[in-house]
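Shown next, in structure tokens, is the structure this report addresses.
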There are 2 protein chains.
Amino acid sequence: MGLTKTELFTDSQNKMAAMAKALAHPARIAILQYLVRINACICGDLVEELGLAQATISQHLKELKAVGLIQGSIDGTSVCYCIHATTWLQYKILFSSFFTEVDSTKCC
Amino acid sequence: MGLTKTELFTDSQNKMAAMAKALAHPARIAILQYLVRINACICGDLVEELGLAQATISQHLKELKAVGLIQGSIDGTSVCYCIHATTWLQYKILFSSFFTEVDSTKCC
DNA sequence: CACACTCATCGCAATATTGCGATAAATATT
DNA sequence: AATATTTATCGCAATATTGCGATGAGTGTG
């Protein structure tokens, strides 16, 4: 079958998994790190920065935009992308609270 | 072609993506949350807890064990799983440091 | 030893992801 | 208007993931 049974899990669990999936590719990690580092916004520089084809970069940008991690604004003929600060912070918080303290003494 | 070009990215980026991929499924999120909550270690309870087949659960446990997030110890006929505290903490730190502060004023 | 029980692995089918060439859409430039 | 530039989308091929029935390996019980 090969389709994830989302109905078995809570909305929170499905959301958490979707968030992780957005980060589950080195190209998207690299894009986000680049955007964080450059701060000011970029567009097709990413195609040169990473070694992937333009169509591939565009695809990854689309996915990142879909989960709200980045936003793009049209600037003439090019598109300027940057981190969406609000969602970014939300990710930070949710991941941080996911990895709560664990009592290792009660382990097997 | 459909194979990730890992050679284009740094080890750090590939590792970060691999970490995210381990979390990129609601069943694995649910397993981890359950292990955190129950604290003491579990085994086939997960098959009942989630609604997935035993083979499927075993597969997900294998993936979580492969990235070091959980550890399993044989206890007679059953296997007891629990969170691997060290890796768990490492994940918390790495995700936390990934989501660094962003200067939203310098956005597009 | 025979049997039950728990878990891991194999093998398959269904679906999802990745990468990219080709092409389209939109805007600048001349 | 013609052309160049930039980005998005389509369609395909290759690969990866998901889910599970069937089977096997290992351990405990009678």
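In what follows, every chain begins at residue 1, and chains take the letters A, B, ... in the order their sequences are listed.
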Discussion item. Tell me the interatomic distance from E63(B), atom CD, to dT17(D), atom P, rounded to whole angstroms.
Written reply: 7 Å
Worksheet item: Can you check whether S58(B) has a side-chain N or O nearer than 4.0 Å to OP1 or OP2 of dA8(C)?
Response: yes
Worksheet item: Across the strands shown, which category fits A55(B) at heavy-atom distances under 4.0 angstrom: base, sugar-phosphate, nothing?
Response: base
Worksheet entry | Toward the 5' end of DNA chain D, by each residue's nearest nucleotide, V47(A) or T6(A) | V47(A)
Discussion item. Could you check whether any side-chain N or O of K21(A) sits under 3.5 Å from a backbone N or O of K21(B), counting only pairs where one atom can act as donor and the other as acceptor?
Written reply: no
Discussion item. Do Q33(A) and I29(A) have side chains that approach each other closer than 4.5 Å (heavy atoms only, starting at C-beta)?
Written reply: yes
Practice prompt. Please name the pair of heavy atoms, one in A22(A) and one in V67(A), separated by the smallest distance, quoted to 0.1 Å.
Written response: CB-CG2, 3.8 Å
Worksheet item: Does T56(A) put a side-chain nitrogen or oxygen below 4.0 Å from OP1 or OP2 of dT18(C)?
Response: no
Fill in: For the student: nearest non-hydrogen atoms of F9(B) and P26(A), plus distance
CD1-CB, 3.5 Å
Discussion item. dG19(C), OP1 or OP2 - any side-chain N/O from H25(A) closer than 4.0 Å?
Written reply: yes
Practice prompt. Could you tell me the separation between the CG atom of L61(A) and the P atom of dG19(C), rounded to a whole number of Å?
Written response: 13 Å
Worksheet entry | Whole-Å distance separating the CD atom of Q59(A) from the C1' atom of dT17(C) | 9 Å
Worksheet item: In whole angstrom, what separates K5(A)'s NZ from dA16(C)'s C1'?
Response: 17 Å
Worksheet item: How are the rings of W88(B) and F98(A) set to each other: parallel, tilted or perpendicular (split at 30° and 60°)?
Response: tilted
Worksheet item: When you check the phosphate oxygens OP1 and OP2 of dT7(D), does a side-chain N or O of K62(A) lie under 4.0 Å from one of them?
Response: no
Worksheet item: When you match C80(B) and A27(A) each to their closest nucleotide on DNA chain C, which lands nearer the 5' end?
Response: C80(B)
Response to the item:
Per atom distances to the V79(B) side chain, the nearest of dT5(D), dC7(C), dT18(D) is dC7(C)
Response to the item:
Checking dC20(D), dG21(C), dC7(C) against the side chain of A53(A) (C-beta onward), the nearest is dG21(C)
Fill in: Integer-rounded Å distance: dT27(D) P and D75(B) CG
12 Å
Worksheet item: Is any side-chain nitrogen or oxygen of Y81(A) closer than 4.0 Å to OP1 or OP2 of dA8(D)?
Response: yes
Worksheet entry | Phosphate OP1/OP2 of dT17(D): any K21(A) side-chain N/O under 4.0 Å | no
Discussion item. Base, sugar-phosphate or nothing for S78(A)? Non-hydrogen atoms, less than 4.0 Å.
Written reply: sugar-phosphate
Item to complete: Decide yes or no, distance alone: a donor-acceptor N/O pair under 3.5 angstrom between the base of dA8(C) and the side-chain of Q54(B).
Response: yes
Worksheet item: What nucleic acid atoms does L52(A) come within less than 4.0 Å of, heavy atoms only: base, sugar-phosphate, or nothing?
Response: sugar-phosphate
Worksheet item: How long is the line joining CD of Q71(A) and C1' of dT7(D), in whole Å?
Response: 17 Å
Practice prompt. To the nearest Å, give me how far apart CD1 (I74(A)) and P (dT7(D)) are.
Written response: 11 Å
Discussion item. Looking at H60(B), I'd like to know whether one of its side-chain N or O atoms comes within less than 4.0 Å of OP1 or OP2 on dT17(D).
Written reply: no
Practice prompt. Round to the nearest Å and state the distance from E48(A) atom CD to dT6(D) atom P.
Written response: 9 Å
Item to complete: Look only at the side chain of K92(A) and the backbone of F99(B), and say whether a donor-acceptor pair between them is shorter than 3.5 Å.
Response: yes
